Amino acid sequence: GDRGVVVAGRMDYSYYYHAARHALDMHSRLLAPDNKEWLKGLPYEVREGEVHFCHGSPLNIEEFDYIFAREQAAQCMEIWDSLSRLTVIGHSHLCKAFALSPDQGVHEVVSERFELRPGWKYIVSVGSVGQPRDYDPRASYTIYDTETRVFEFKRIDYDVKSSAEKIFNSELEPNFGHRLFIGV
């Protein structure tokens, strides 16, 4: 995610709020130089078959723009020809899916399970295992079956209390732990 890019020294984060800057500085200090070099060498995007993985919008790979609303997904119509059949993103920590068609426009997909239809391209924001931001504290993850072309959002309970306690017992801002309980 963007934290990996920041702690590797590939992104300016001076505009982040104080607690976030402190957390990033702390994690950067904890990383061994080899780990930082490994992070620094990771690509901004990966394409595997008809699936494109990137952190934010595929429009500006290194800018990490959000896509959590139909209007943001619609901006990707300008790169229709280079869009993969399925673009998988993170960044917003929200579970969102958008279907794009040159003939029928851009629509939000509200189903937790759906099949990719011929002639459409999809942008899916996969949520977050560690810090979902949709007021559902359960970890979110996704499954995509490349043969059936079926995409599915999943949620699972985890020990939020234990995770939060580790934050409370660290140098991190306590609010990072409190947010886990309410999923924001």
Side-chain angles (χ1 to χ4, degrees), residues 1-13 16 20 23-24 27-28 30-102 106-109 111-134 138-156 158:
D2 45 350
R3 287 173 185 84
V5 175
V6 169
V7 297
R10 292 172 71 182
M11 180 179 158
D12 173 36
Y13 60 100
Y16 279 34
L24 292 164
H27 286 97
S28 184
L30 293 172
L31 278 176
D34 287 353
N35 297 126
K36 277 189 189 176
E37 283 305 309
W38 180 81
L39 284 170
K40 198 177 282 189
L42 291 175
Y44 281 95
E45 61 183 329
V46 173
R47 291 180 187 262
E48 292 180 6
E50 61 182 14
V51 183
H52 180 198
F53 300 92
C54 52
H55 185 71
S57 171
L59 265 176
N60 300 301
I61 295 294
E62 296 181 24
E63 297 298 318
F64 303 146
D65 294 328
Y66 286 104
I67 296 183
F68 55 77
R70 195 191 66 75
E71 297 75 22
Q72 294 162 324
Q75 293 173 351
C76 294
M77 290 300 290
E78 65 188 65
I79 58 165
W80 172 264
D81 291 337
S82 64
L83 270 182
S84 293
R85 179 87 186 274
L86 173 62
T87 301
V88 179
I89 65 172
H91 195 37
S92 72
H93 294 223
L94 299 173
C95 297
K96 295 280 187 174
F98 302 94
L100 294 77
S101 162
V106 179
H107 302 275
E108 184 167 354
V109 180
S111 176
E112 291 180 3
R113 185 177 191 276
F114 59 92
E115 183 177 344
L116 275 61
R117 295 181 292 179
W120 291 76
K121 294 184 179 181
Y122 295 79
I123 299 174
V124 180
S125 177
V126 295
S128 176
V129 169
Q131 192 189 60
R133 294 182 181 154
D134 58 1
R138 296 176 299 163
S140 63
Y141 66 98
T142 58
I143 296 174
Y144 176 61
D145 186 321
T146 55
E147 291 179 17
T148 62
R149 292 193 168 114
V150 170
F151 198 96
E152 191 168 3
F153 289 102
K154 299 282 210 172
R155 297 306 276 251
I156 189 167
Y158 75 102

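Since this is a predicted model, take the numbers as computed values, not measurements. FYI, side chains are in, hydrogens and waters are out, and symmetry mates aren't considered; it's all heavy atoms of this structure.
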Inset, instruction - Dump the intermediate steps for side-chain contact (heavy atoms from CB on, under 4.5 Å) on Leu59 and Glu78, then the final yes or no. - result: CA-CA 9 Å; Leu59 265 176; Glu78 65 188 65; 3.8 Å; yes
Inset, instruction - Could you tell me which non-hydrogen atom of Ala97 sits nearest to which non-hydrogen atom of Val124, and how far apart they are? - result: CB-CG2, 4.0 Å
Legend entry - Worked check of side-chain contact (heavy atoms from CB on, under 4.5 Å) between Val150 and Arg113: CA-CA 7 Å; Val150 170; Arg113 185 177 191 276; 3.7 Å; yes
Inset, instruction - Answer yes or no: are there more than 12 heavy-atom neighbours, outside Glu71 itself, under 6.0 Å from its atom CD? - result: yes
Legend entry - Point-to-point distance, once rounded to the nearest 0.5 Å, from OG1 of Thr87 to CD of Glu50: 11.0 Å
Inset, instruction - Mark yes when over 12 heavy atoms from residues, nucleotides or ligands other than Glu112 sit less than 6.0 Å from its CD; otherwise mark no. - result: no
Legend entry - Parallel, tilted or perpendicular: ring planes of His55 versus Phe64, cut at 30 and 60 degrees: perpendicular
Inset, instruction - Could you tell me whether the side chain of His93 and the main chain of Ser128 form a donor-acceptor pair under 3.5 Å? - result: no
Legend entry - Atom pair OG1 (Thr146) and CZ (Arg85), whose distance is rounded to the nearest 0.5 Å: 11.5 Å
Legend entry - Gap between atom NE2 of His91 and atom CG of Asp65 - 0.5 Å precision: 7.0 Å
Inset, instruction - Begin with the C-alpha distance, continue with both residues' side-chain angles, and end with the deciding distance and a verdict on side-chain contact (heavy atoms from CB on, under 4.5 Å) for His52 and Ile61. - result: CA-CA 11 Å; His52 180 198; Ile61 295 294; 4.1 Å; yes
Inset, instruction - Report the distance from atom OG of Ser28 to atom CG of Leu39, rounding to the nearest 0.5 Å. - result: 9.5 Å
Inset, instruction - Grab the two heavy atoms, one from Cys95 and one from Arg155, that are nearest each other, plus how far apart they are. - result: SG-NH1, 3.7 Å
Legend entry - Step-by-step side-chain contact (heavy atoms from CB on, under 4.5 Å) determination, Asp34 to Trp38: CA-CA 6 Å; Asp34 287 353; Trp38 180 81; over 6 Å; no
Inset, instruction - State, to 0.1 Å, how close Phe153 and Thr142 come at their nearest heavy-atom pair, and which atoms those are. - result: CD2-CG2, 3.6 Å
Inset, instruction - Compare every heavy atom of Ser92 with every heavy atom of Arg133, then report the nearest pair and how far apart it is. - result: CD-O, 3.8 Å
Inset, instruction - Could you grab the distance from atom NZ of Lys36 to atom CG of Leu30, nearest 0.5 Å is fine? - result: 9.5 Å
Inset, instruction - For the pair Tyr44 (side chain) and Glu63 (backbone), establish whether a donor and an acceptor sit closer than 3.5 Å, ignoring hydrogens and angles. - result: no
Inset, instruction - Only one of Phe151, Trp120, Phe98, Tyr144 passes ring pair (Phe, Tyr, Trp, His ring centres under 6.0 Å) with Phe114; say which it is. - result: Phe151
Legend entry - For Trp80 against Gly119, the heavy-atom pair lying closest together: CH2-O, 3.8 Å
Legend entry - Euclidean distance, Cys54 SG relative to Glu62 CD, rounded to 0.5 Å: 11.5 Å
Inset, instruction - Looking only at non-hydrogen atoms, find the nearest pair between Leu100 and Cys76 and report the distance. - result: CD2-CB, 4.2 Å
Inset, instruction - Please confirm whether the backbone N or O of Leu94 pairs with a side-chain atom of Ser125, one donor and one acceptor, at under 3.5 Å? - result: yes
